[in-house]
Student: 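What follows is a single structure, and I will ask about it in a moment.
Because only heavy atoms are used, hydrogens play no part in the values below, and waters and symmetry mates are left out as well, while side chains stay in.
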Number of protein chains: 2
Amino acid sequence: MESHPPPGGHSVRTRSQHQRRKRIVQAAAALASRGGVEAMQMRTVAERAGVALGTLYRYFPSKMDLVVAVVGEEIDLLESSIERRPPGATTPASRAVDVLMRATRGLMREPELADALIRSLILAEVQTPFGDRMTGLLLRVAADGLTLEDAREDQIDLAGSLSSVWVQELLEMLRGRRTYDQIQRRIEAAAARLFADI
Amino acid sequence: MESHPPPGGHSVRTRSQHQRRKRIVQAAAALASRGGVEAMQMRTVAERAGVALGTLYRYFPSKMDLVVAVVGEEIDLLESSIERRPPGATTPASRAVDVLMRATRGLMREPELADALIRSLILAEVQTPFGDRMTGLLLRVAADGLTLEDAREDQIDLAGSLSSVWVQELLEMLRGRRTYDQIQRRIEAAAARLFADI
DNA sequence: TCGCAAACTAGAACAGATTCTAATAGCTGT
DNA sequence: ACAGCTATTAGAATCTGTTCTAGTTTGCGA
C-alpha cells in the first residue's frame with residue numbers, strides 16, 4: 001500500500017542498501033522478462049537477489065511495489081533515451097507520437113515483461129507514478145519543455161488522455177489484438193486531434 | 001483463461017445446469033457488491049450458492065471468469081437503459097459525453113462492483129465484448145445509428161480512443177484519484193476533439 | 001570498546017486461489 | 001434392473017503472496 005521509504009524509516013539510504021535494492025529490482029526484472037509476473041515469485045526474487053524473504057518485504061512491502069519499481073526503471077530508460085535523442089518532428093502532435101511509438105517499440109522487445117508490467121500497473125491499488133510520468137513526458141516533448149507544474153489544467157487533461165489511449169492500445173497489442181501499424185494509426189489520429197492546439 | 005463452455009463439454013446445457021450457473025453468478029454478485037472482489041472468495045461463493053468448490057470451478061475455471069460473468073450482467077443493464085432513453089444532445093460529441101457520463105453514474109452506484117468490472121475488463125485474457133460494445137454504442141449514438149460494420153476505420157479508431165479515455169478515467173475515480181467533475185471535464189475535452197468531425 | 005537499535009536471516013505460519021482425490025448421485029441407453 | 005457415463009460432493013493438498021518469530025549481524029554514537 002505504501003511507496004517504499006528506505007528501510008530505516010527516517011535516515012538516508014546507505015550505499016549498501018542502495019545496492020541491495022538495485023540487486024532486488026534487477027533480479028525481479030530478469031525473472032519477469034521470462035515468464036511474466038507469475039515467474040516473478042517473491043521467494044524466487046529473494047533467492048536470486050541473495051536476500052531473505054523478510055528483507056525483500058522490508059524493501060518492497062508488496063509484490064506490486066516491486067513491479068512498480070521495475071517499471072520505474074523502464075521509464076527511466078525511455079526518458080534518458082528521449083533526452084539523448086529528442087524527437088525532431090515539427091508539430092507537437094507528431095513529437096508526441098514519436099515518443100509513444102518509441103516507447104512501444106521498447107516495450108515490444110520484452111513482451112512478457114511489458115505485458116506483466118502494464119497489466120499489473122493498471123490493476124494496482126497503489127499510486128503509481130507511471131501515468132503522471134508519461135503525461136509529463138508528453139507535455140515536455142510536445143509543448144517544448146513545458147512541465148507538469150507550469151501546464152494549464154486543460155493541457156494536462158489532454159496529455160493524460162493521449163497517455164490513456166496509448167496504454168490501452170499497448171494492452172490490446174500485447175493481447176494480440178492489434179498490430180504495431182494499427183497502434184501507430186490510432187495514436188496518430190488521437191494525437192492529431194488531442195494535441196492540435198496544445 | 002478459457003470462456004465457460006457448459007460443463008459436459010459437447011452437449012447442450014440443461015435447465016438445472018442453467019439454474020446452478022445463475023445461482024452462482026447471483027451469489028458472486030451479492031458478495032462483490034459488498035466487499036468487492038476480495039469479499040468474493042471462491043469458497044464463500046460456493047457455499048452461498050450451495051455447490052461444492054469443485055463444482056464452482058467446473059462452471060468457472062477461474063475467479064476471473066466468474067467476475068466476467070457478473071460483469072456481463074451489469075453491462076446488459078447499462079446498454080438497455082441507454083437504448084431505452086437515448087441521449088438528446090445536439091452534437092455528436094455531446095451525445096457521446098452524455099452516454100459516458102450516464103454510464104459513469106450508473107457504475108458509481110455500486111463502486112465495489114464497478115471496480116471489479118473495470119479491472120476485469122482490462123485484464124481479461126478472454127475477449128470481453130465490452131470494449132467493442134461501448135465503441136459501437138458511442139458510434140451509434142454520436143453518428144446517429146452508425147453501426148460498427150458501416151463505420152469507416154478512422155471513425156472506429158476515434159470511438160475506441162474515447163472509450164479508452166473513459167475507462168482509464170473511471171479507474172482513476174474508483175481509486176479515489178478523480179472526482180466526478182474532473183472526469184466530466186476530461187471526457188468533454190477529449191470528446192470535443194476526437195469527435196469533432198466524426 | 002560497549003551497547004543498542006535497526007537490519008538481516010532462516011524458516012515456520014497463514015490466507016486464499018486452484019487442483020486433486022475418492023466416493024456418491026443421477027441420468028441414459030439397453 | 002444394469003452398465004457406463006458425467007456431474008457433484010467433501011475435503012485434503014498444493015501453490016504463492018504475505019506475515020510472524022526468534023535469533024544473529026551490523027553500524028554507530030557514547
Side-chain angles (χ1 to χ4, degrees), chain A residues 1-2 4-24 27-28 31-32 34-70 116 119-120 123-126, chain B residues 1-2 4-24 27-28 31-32 35-70 116 119-120 123-125:
Chain A
M1 265 152 217
E2 264 298 285
H4 20 252
H10 59 79
S11 67
V12 177
R13 193 179 304 152
T14 73
R15 174 156 358 282
S16 80
Q17 281 172 344
H18 183 82
Q19 289 302 323
R20 200 177 291 257
R21 190 190 161 80
K22 203 165 148 191
R23 275 222 317 286
I24 292 174
L31 287 165
R34 304 202 159 284
V37 250
E38 53 269 24
M40 178 179 139
Q41 298 183 6
M42 297 303 264
R43 286 174 174 85
T44 317
V45 171
E47 185 184 338
R48 193 98 153 208
V51 300
L53 188 56
T55 303
L56 172 52
Y57 270 93
R58 175 186 294 280
Y59 281 79
F60 301 97
S62 79
K63 182 170 179 171
M64 187 55 60
D65 289 280
L66 184 50
V67 170
V68 167
V70 172
R119 273 168 200 269
S120 306
L123 296 186
E125 294 278 355
V126 294
Chain B
M1 267 150 217
E2 263 299 284
H4 19 252
H10 58 81
S11 67
V12 177
R13 193 181 303 154
T14 72
R15 175 155 357 282
S16 80
Q17 281 172 342
H18 183 82
Q19 290 303 322
R20 199 176 291 257
R21 190 190 160 80
K22 202 164 148 190
R23 274 222 318 287
I24 292 174
L31 287 165
V37 253
E38 53 268 25
M40 181 179 136
Q41 298 183 5
M42 296 303 264
R43 285 179 225 274
T44 318
V45 170
E47 185 184 339
R48 192 97 152 210
V51 301
L53 188 56
T55 303
L56 172 52
Y57 270 93
R58 175 186 295 278
Y59 280 80
F60 301 96
S62 78
K63 183 169 180 172
M64 188 52 64
D65 289 280
L66 182 51
V67 171
V68 168
V70 170
R119 281 164 196 268
S120 73
L123 68 59
E125 291 277 354

Student: Figure out the CG/P separation between L56(B) and dT9(D), and round it to whole Å.
Tutor: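 Computing the L56(B):CG to dT9(D):P distance gives 10 Å.
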Student: Does a nitrogen or oxygen in the side chain of R21(B) sit under 4.0 Å from OP1 or OP2 of dA7(D)?
Tutor: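 For dA7(D), neither OP1 nor OP2 has a side-chain N or O of R21(B) closer than 4.0 Å.
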Student: Under 3.5 Å, which N/O atoms of the protein pair with N/O atoms of nucleotides 17-19 of chain C?
Tutor:
unit_1: dA17(C); atom_1: OP1; unit_2: K63(B); atom_2: NZ; d: 2.7
unit_1: dA17(C); atom_1: OP2; unit_2: M42(B); atom_2: N; d: 3.3
unit_1: dA17(C); atom_1: N7; unit_2: R43(B); atom_2: NH2; d: 3.2
unit_1: dA17(C); atom_1: N6; unit_2: R43(B); atom_2: NH2; d: 3.1
unit_1: dT18(C); atom_1: OP2; unit_2: Y57(B); atom_2: OH; d: 2.9
unit_1: dT18(C); atom_1: OP2; unit_2: K63(B); atom_2: N; d: 3.0
unit_1: dT18(C); atom_1: O5'; unit_2: Y57(B); atom_2: OH; d: 3.3

Student: Work out which heavy atom in V70(A) is nearest to a heavy atom in A28(A); give both atom names and the distance.
Tutor: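 In this case the closest contact between V70(A) and A28(A) is CG2-CB, 3.9 Å.
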Student: Among residues at least two apart in sequence or on other chains, which ones pass side chain to side chain contact (heavy atoms under 4.5 Å, CB included) with A32(B)?
Tutor: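 A32(B): side chain to side chain contact (heavy atoms under 4.5 Å, CB included) contacts with M40(B), L113(B).
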Student: Between dG11(C) atom C1' and E47(A) atom CD, what is the distance in whole Å?
Tutor: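 That distance rounds to 14 Å.
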Student: Considering only heavy atoms from C-beta outward, does the side chain of V51(A) approach that of R58(A) to under 4.5 Å?
Tutor: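 SC-SC contact between V51(A) and R58(A) ruled out.
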Student: Indicate whether OP1 or OP2 belonging to dA7(D) is found under 4.0 Å from a side-chain N or O atom of T55(B).
Tutor: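 Answer is no, no contact under 4.0 Å.
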Student: Going by heavy atoms in the side chains, are M42(A) and L66(A) under 4.5 Å from each other?
Tutor: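 Yes - at least one pair of side-chain heavy atoms lies under 4.5 Å apart.
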Student: I want to check something: taking the side chain as every heavy atom from C-beta on, are M64(A) and V67(A) in contact at a cut-off of under 4.5 Å?
Tutor: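 They are in contact (side-chain heavy atoms under 4.5 Å apart), so the answer is yes.
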Student: Provide the closest heavy-atom pair for R48(A) versus L31(A) in the form atom of the first, atom of the second, distance.
Tutor: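 In this case the closest contact between R48(A) and L31(A) is NH1-CD2, 3.6 Å.
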Student: Kindly say if Y59(A) contacts the phosphate of dA7(C), meaning a side-chain N or O under 4.0 Å from OP1 or OP2.
Tutor: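 For dA7(C), neither OP1 nor OP2 has a side-chain N or O of Y59(A) closer than 4.0 Å.
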Student: Looking at R58(B), does any N or O in its side chain come under 4.0 Å of the phosphate oxygens OP1/OP2 on dT6(D)?
Tutor: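 Negative; the distance criterion is not met.
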